[in-house]
Undergrad: 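Take this structure first; my questions come after.
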Amino acid sequence: MPIVTTTEMFKKAYAGGYAVGAFNVNNMEIVQGITEAAGELKAPVILQVSKGARAYANHNYLVHLVRAAAENYPDIPIALHLDHGDSFELCKDCIDGGFTSVMIDASSKPYEENIALTRRVVEYAHDHGVVVEAELGTLAGVEDEVSVDADKAMYTHPEEVEDFATRTGCDSLAIAIGTSHGAYKFKPGTKPQLRFDVLEECSRRLPGFPIVLHGASSVPQQFVEQINQYGGNMPGAIGIPEEQLRQAATMAVCKINIDSDIRLAMTASIRKYFAEHPDHFDPRQYLKPARQAVKDMVAHKIVDVLGCDGKA
């Protein structure tokens, strides 16, 4: 199966009360770990590439890695998505270069500027058979090219979503309901709580419309502890409780971005491997268990958080 858009994925997810996982990819092992898990569990999956990933790994390498994954797992739908595109030029480059979905994130701009830029990307994307995710509201935190101070974060205003979606023509909408980018989402001792009232009101005003959650890593503490055990220093890394993400997936949320957990799983595995095998130097030796760690983590998310196993 060739890589696909998210249109049918989201229709089925909305109707079925589950969400599709969107995982950021940077190299071959991450692509393999994610798609092996999705293939075995018969789950749809979105492979995301950020601006930073394109700078690191090169656009062409990443596109061909995703195409190879689609060839290896022809029975599951795989979409290739630009995460947090910050300009028309970047989105256009990805559309022209084989992506099936792009995100234009103009959420930091004034409302009318957000609409104008989003609409411009939508018009170009739709002319080329590509779908567009937009964002309304601003998440705090740091992730690749995205950096927003906590005092600049802003919940989505539900009274704006219908006007925004209608005027831009976007295909899905990322909203801010209390998630945050990166592994350091909340201070120790605080209790993360998603604003389900905002989500419910947005979905009431946009019935049947796919909602997206960014910054939804749960930052599994076993990875944090393992990293720290083997020489790391990650005090106070706290994420979104998985039970809250599962609840969101039963509502209008059709796509959940899981970003930091992959990096944590890989880093924890590699640190442990080098501590136990200080004489090893072959990347195949330490990246093999790292790939398995990614696969195991993604499989857990697919089954226990997203609920999309068997939905391919």
Undergrad: Who pairs with E36 by salt bridge (Lys or Arg N to Asp or Glu O under 4.0 Å), at least two apart in sequence or on another chain?
TA: K295
Undergrad: Check this for me: does any side-chain nitrogen of one of E71 and R67 sit under 4.0 Å from a carboxylate oxygen of the other?
TA: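 Between R67 and E71 there is no salt bridge, as every charged N stays at least 4.0 Å from the carboxylate O atoms.
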Undergrad: If you define the side chain from C-beta out and look only at heavy atoms, does anything of F23 sit under 4.5 Å from N257?
TA: no
Undergrad: Quick one: pull up OG in S172 and CG in L206 and give me the separation to the nearest 0.5 Å.
TA: 11.5 Å
Undergrad: Report the residues that fulfil side chain to side chain contact (heavy atoms under 4.5 Å, CB included) with S269, sequence neighbours left out, ordered by chain and then residue number.
TA: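 Side chain to side chain contact (heavy atoms under 4.5 Å, CB included) list for S269, sorted by chain: P289, A290, A293.
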Undergrad: Taking atom CD1 of I302 and atom OH of Y18, what is their separation to the nearest 0.5 Å?
TA: 12.0 Å
Undergrad: Mark yes or no for whether Q48, through its side chain, and I46, through its backbone, hold a donor-acceptor pair below 3.5 Å.
TA: no
Undergrad: Can you tell me how far the CD atom of Q193 sits from the CD1 atom of I177, to the nearest 0.5 Å?
TA: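 If I round to the nearest 0.5 Å, the distance is 9.5 Å.
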Undergrad: Has D261 got a side-chain atom pairing as donor or acceptor with V219's backbone, closer than 3.5 angstrom?
TA: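 It does hold such a pair.
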Undergrad: Passes side chain to side chain contact (heavy atoms under 4.5 Å, CB included), T5 versus V130? Steps please.
TA: CA-CA 7 Å; T5 72; V130 173; 6.0 Å; no
Undergrad: Supply the atom-to-atom distance Q221 CD to N228 CG, rounded to the nearest 0.5 angstrom.
TA: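 It comes to 9.5 Å.
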Undergrad: With sequence neighbours excluded, what pairs up with D197 under the salt bridge (Lys or Arg N to Asp or Glu O under 4.0 Å) test?
TA: R195
Undergrad: A57: which residues meet the side chain to side chain contact (heavy atoms under 4.5 Å, CB included) condition with it, sequence neighbours left out?
TA: L62
Undergrad: Tell me if a side-chain donor or acceptor on T156 pairs with a main-chain N or O of L136 at a distance below 3.5 Å.
TA: yes
Undergrad: Hey, do the aromatic rings of Y273 and H280 have their centres closer than 6.0 Å?
TA: yes
Undergrad: Mark yes or no for whether T6, through its side chain, and M9, through its backbone, hold a donor-acceptor pair below 3.5 Å.
TA: no
Undergrad: Tell me, do I104 and L90 make a side-chain contact under 4.5 Å, heavy atoms counted?
TA: no
Undergrad: Does a side-chain heavy-atom distance below 4.5 Å link L117 with E113?
TA: no
Undergrad: Looking at CZ of F164 and SG of C170, how far apart are the two atoms once the value is rounded to the nearest 0.5 Å?
TA: 5.5 Å
Undergrad: Taking only residues two or more places apart in sequence or in another chain, which ones pass salt bridge (Lys or Arg N to Asp or Glu O under 4.0 Å) with E159?
TA: none
Undergrad: Whether R54 and D93 form a salt bridge (side-chain N of Lys/Arg under 4.0 Å from carboxylate O of Asp/Glu) is what I want to check.
TA: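 Salt bridge: yes.
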Undergrad: Could you grab the distance from atom CD of Q32 to atom CG of L287, nearest 0.5 Å is fine?
TA: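 So the CD of Q32 and the CG of L287 are separated by 10.0 Å.
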Undergrad: Within 45° of the axis and under 6.0 Å from the centre of the six-membered ring of F10, does NZ or CZ of K255 qualify?
TA: no
Undergrad: Could you give all pairs that pass the salt bridge (charged side-chain N to carboxylate O under 4.0 Å, His left out) test and reach residues 284-294, with sequence neighbours left out?
TA: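 Checked against salt bridge (charged side-chain N to carboxylate O under 4.0 Å, His left out) - neighbours excluded - the pairs reaching residues 284-294 are D282-R284.
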Undergrad: Can you sort out the partners of P2 under side chain to side chain contact (heavy atoms under 4.5 Å, CB included), two or more places apart, ordered by chain and number?
TA: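 Side chain to side chain contact (heavy atoms under 4.5 Å, CB included) list for P2, sorted by chain: empty.
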Undergrad: Between E112 and R167, is there a salt bridge with N-O shorter than 4.0 Å?
TA: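 Yes, charged N to carboxylate O under 4.0 Å.
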Undergrad: Given side chains that start at C-beta, do those of I262 and M297 come closer than 4.5 Å, heavy atoms only?
TA: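 They are in side-chain contact.
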Undergrad: Heavy-atom distance under 4.5 Å between the side chains of V294 and E29, does that happen here?
TA: no
Undergrad: Please determine if E200 and R204 form a salt bridge, counting it only when a charged side-chain N lies under 4.0 Å from a carboxylate O.
TA: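 No, this pair does not count.
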Undergrad: Under the side-chain hydrogen bond (donor to acceptor under 3.5 Å, both in side chains) test, which residues partner Y111, sequence neighbours left out?
TA: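 So Y111 forms a side-chain hydrogen bond (donor to acceptor under 3.5 Å, both in side chains) with D163.
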Undergrad: Just list the side-chain donor-acceptor pairs under 3.5 Å for residues 95-102, sequence neighbours left out, or say none.
TA:
{"residue": "D96", "atom": "OD1", "partner": "Y124", "partner atom": "OH", "Å": "2.6"}
{"residue": "D96", "atom": "OD2", "partner": "K92", "partner atom": "NZ", "Å": "2.8"}
{"residue": "D96", "atom": "OD2", "partner": "Y124", "partner atom": "OH", "Å": "3.3"}
{"residue": "T100", "atom": "OG1", "partner": "V4", "partner atom": "O", "Å": "2.6"}
{"residue": "T100", "atom": "OG1", "partner": "L80", "partner atom": "N", "Å": "3.1"}
{"residue": "T100", "atom": "OG1", "partner": "L80", "partner atom": "O", "Å": "3.3"}
{"residue": "S101", "atom": "OG", "partner": "H81", "partner atom": "ND1", "Å": "2.7"}

Undergrad: Check whether any side-chain heavy atom of E135 lies under 4.5 Å from a side-chain heavy atom of M103, and answer yes or no.
TA: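 Touching, per the 4.5 Å side-chain cut-off.
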Undergrad: Give the C-alpha distance, both sets of side-chain angles, the deciding distance and a yes or no for side chain to side chain donor-acceptor pair (under 3.5 Å) between D259 and H214.
TA: CA-CA 8 Å; D259 39 33; H214 281 252; over 6 Å; no
Undergrad: Applying side chain to side chain contact (heavy atoms under 4.5 Å, CB included), name anything that partners D296, two or more places apart in sequence or on another chain.
TA: Q292
Undergrad: M251 versus F196: any side-chain heavy-atom pair under 4.5 Å?
TA: yes
Undergrad: Does any N or O in the side chain of Y14 come within less than 3.5 Å of the main-chain N or O of G208, such that one atom is a donor and the other an acceptor?
TA: yes
Undergrad: State which residues pass salt bridge (Lys or Arg N to Asp or Glu O under 4.0 Å) with E242; sequence neighbours excluded, sorted by chain then number.
TA: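 E242 satisfies salt bridge (Lys or Arg N to Asp or Glu O under 4.0 Å) with K301 once adjacent residues are dropped.
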Undergrad: Looking at every heavy atom in both T118 and A134, which two are closest together, and how far apart are they?
TA: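 The answer is CG2-CB, 3.6 Å.
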Undergrad: Can we say D86 and K51 salt-bridge, meaning some charged N sits less than 4.0 Å from an Asp/Glu carboxylate O?
TA: yes
Undergrad: Could you walk me through whether K11 and T7 pass the side chain to side chain contact (heavy atoms under 4.5 Å, CB included) check?
TA: CA-CA 6 Å; K11 286 181 181 178; T7 302; 4.0 Å; yes
Undergrad: So I227 and K272, side chain to side chain contact (heavy atoms under 4.5 Å, CB included) or not? Walk me through it.
TA: CA-CA 8 Å; I227 288 170; K272 181 175 185 292; over 6 Å; no
Undergrad: Is there a side-chain contact between L194 and I240, using heavy atoms and a 4.5 Å cut-off?
TA: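 They are in contact (side-chain heavy atoms under 4.5 Å apart), so the answer is yes.
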Undergrad: Determine whether a donor-acceptor pair (N or O, by modelled atom type, separation under 3.5 Å) exists between the side chain of N24 and the backbone of V49.
TA: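 Not confirmed, N24 side chain does not pair with V49 backbone.
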Undergrad: Under 3.5 Å, side chain of D75 to main-chain N/O of A312, donor-acceptor pair present?
TA: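 No, the answer is negative, given that no donor and acceptor are paired below the 3.5 Å cut-off.
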Undergrad: Quick one: salt bridge (charged side-chain N to carboxylate O under 4.0 Å, His left out) pairs with a partner in residues 205-233, sequence neighbours left out?
TA: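 Applying salt bridge (charged side-chain N to carboxylate O under 4.0 Å, His left out) to every pair that reaches into residues 205-233, excluding sequence neighbours, yields E201-R205.
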